[in-house]
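Okay, so here's the structure we're looking at.
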Amino acid sequence: MKCKKCSKTAVVHLRQHNAAYCKEHFFDYFERRVEKTIAEYSMFEKNDKILVAVSGGKDSMTLWYVLSKLGYKTDGLVIDVGTTNLQIDSLQEFAKGISSQLKFVDIKDYLDGFTAPQVARLIKRPTCSVCGNIRRYLMNKMAYENGYDVVATGHNLDDEVSFLLGNVLNWNMGYLHRQTPFMRRTHEKLVAKAKPLVWLTEKEIYIYALLNEIPFESERCPFSKDASSLKYKKALNDLEIDQPGTKLRFYKQFQRLEFFKDNTVQLRDCPLCGYPTTSEKCSFCRMKERVEDALGKQKN
Ligand code: AMP
Ligand code: ZN
Ligand code: ZN
C-alpha cells in the first residue's frame, strides 16, 4: 500500500480515515491532529505552562513528547501511588532529552505513609476509585501550587468511548455531564484539565510511540480497570472492524450535544484543605477522615 501523501510505501493504514501513510506523513497526520484537538476546544496556547500527568505508559509519554515537539511549555508530573515500579531515572533522562522537568510526588507523604492499595483496603473501597481520587486531587494541587495553567492527561479515544458507552448504557448523567476533553478553570484553585489525545486511538498512539522510540512502561497496574470497561473496549473494537469510524463518530457527536455543554457547578471551599469542592468537604479530605476512622477502630 502507498502513502496517501507521497508514493512511498505506507507503514500504517488507518481504516477510519480510509488512508495509509509513510512514517514521515504519519507523524505529520498525528501531530496535526493533536494541534486540531487543542484548537477545537481552546485547550491552551504556546505561552501557557502545561503540567503533563505522566504514568510512564505509552499515552502519557507520547503526550509529553508530542506537546514538547510542537513547541508547548511542558513539565511532567509523576505520582507514585504505590501500585507499580516507577522508573524515575529513565523518566528524568527522558525529561532532559525534551528540555522538560520531571516533578515527583509520593502519595505516602499525603496519606500518613500509606499507598493507594493500603488506603483502599483500610476504608474498604475499590483501589481504582481511591487511586483516581488521590491522583486527581494531587495533580490539581501540584499544578496550582507551582503556577501551571493546565494539567494535561493522556486519555485516548478508546478510553473515552468505552467510558462513554458505559455511562450511556447506565444513563449515568452525572458522569456524562463531566465527560469532556477540556475543563476550563472555573475557580482560582481548580486548574484547567485537558486531554489532547482524545481524537487518536490506542493503536495510533502505540505506533507513534514505537516509530519515535519513545520509552514507555508496558506493565499494567495490577488493579487496573474493572472488567466492564474492558468489555466495552472489546465491543467497540468489534464494531470498529465492521464499521470503521464508529468510535470517532460516537465521541464527536456526543461532544456536539448542546445538552452536555453546561458543566458549571456550584463550588465552595473545603473547610479542611481550602480546595474547591461541590460537597461540604472535598472527596480527598473525606477519604482521609475515613482512613483516620479506620485506624482509630483498629486501635480500640
Ligand atoms: P488511567 O486512569 O490510568 O487510564 O490514566 C489516565 C491518565 O492519567 C494517564 O494518561 C496519565 O496522564 C494520568 N496518570 C495515570 N497515572 C498517573 C500517575 N501515577 N501519575 C501521574 N499521572 C498519571
Ligand atoms: Zn508519505
Ligand atoms: Zn479538602
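Order of appearance sets the numbers: ligands from 1, and atoms from 1 within every ligand. Heavy atoms only: backbone and side chains are in, while hydrogens, waters and symmetry mates are out.
- A side-chain donor-acceptor contact under 3.5 Å links Asp48 to the backbone of Glu45.
- Residue His155 approaches ligand 1 through these ligand atoms, each under 4.0 Å from one of its heavy atoms: 6 (C), 7 (C), 10 (O).
- With the Zn ion (ligand 2) as the vertex, SG of Cys3 and SG of Cys22 span 110° to the nearest 10°.
- A donor-acceptor contact under 3.5 angstrom links the side chains of Asn237 and Lys247, judged on distance only.
- Inclusion of Ala53 in the set of residues having an N or O under 3.5 Å from an N or O of ligand 1 is warranted.
- Every N/O-N/O distance between Asp159 and ligand 1 stays at or above 3.5 Å.
- Aromatic ring pairs are classed by plane angle as parallel below 30°, tilted from 30° to 60° and perpendicular above 60°; the pair Phe284 and Tyr137 is parallel.
- Atom ND1 is the N/O/S atom of His25 found closest to the Zn ion (ligand 2).
- With salt bridges taken as basic N to acidic carboxylate O contacts below 4.0 Å, none links Lys234 and Glu240.
- Remark: ligand 1 atoms within the under-4.0 Å shell around heavy atoms of Leu77 are 21 (C).
- When Arg135, Lys195, Met139 are checked for heavy-atom proximity to atom 2 (O) of ligand 1, Arg135 turns out nearest.
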message = Under the criterion salt bridge (Lys or Arg N to Asp or Glu O under 4.0 Å), I'd like the reasoning laid out for Lys195 against Asp159: C-alpha separation, chi angles, the key distance, then a yes or no.
response = CA-CA 11 Å; Lys195 302 174 189 170; Asp159 296 329; over 6 Å; no
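- The distance criterion of under 3.5 Å between nitrogen or oxygen atoms is met by Ile79 with respect to ligand 1.
- Here's the thing with Val54: one of its N/O atoms is less than 3.5 angstrom from an N/O atom of ligand 1.
- If you put the vertex on the Zn ion (ligand 3), SG of Cys273 and SG of Cys270 sit 110° apart, to the nearest 10°.
- Side chains of Thr74 and Ser68: no donor on one and acceptor on the other come within 3.5 Å.
- Remark: the Tyr29 side chain and the His17 side chain contain an N/O donor-acceptor pair separated by less than 3.5 Å.
- In terms of N/O distances under 3.5 Å, ligand 1 is not approached by Val78.
- Ring geometry, Phe30 versus Tyr208: the interplanar angle falls under 30°, so the pair is classed parallel (tilted spans 30 to 60°).
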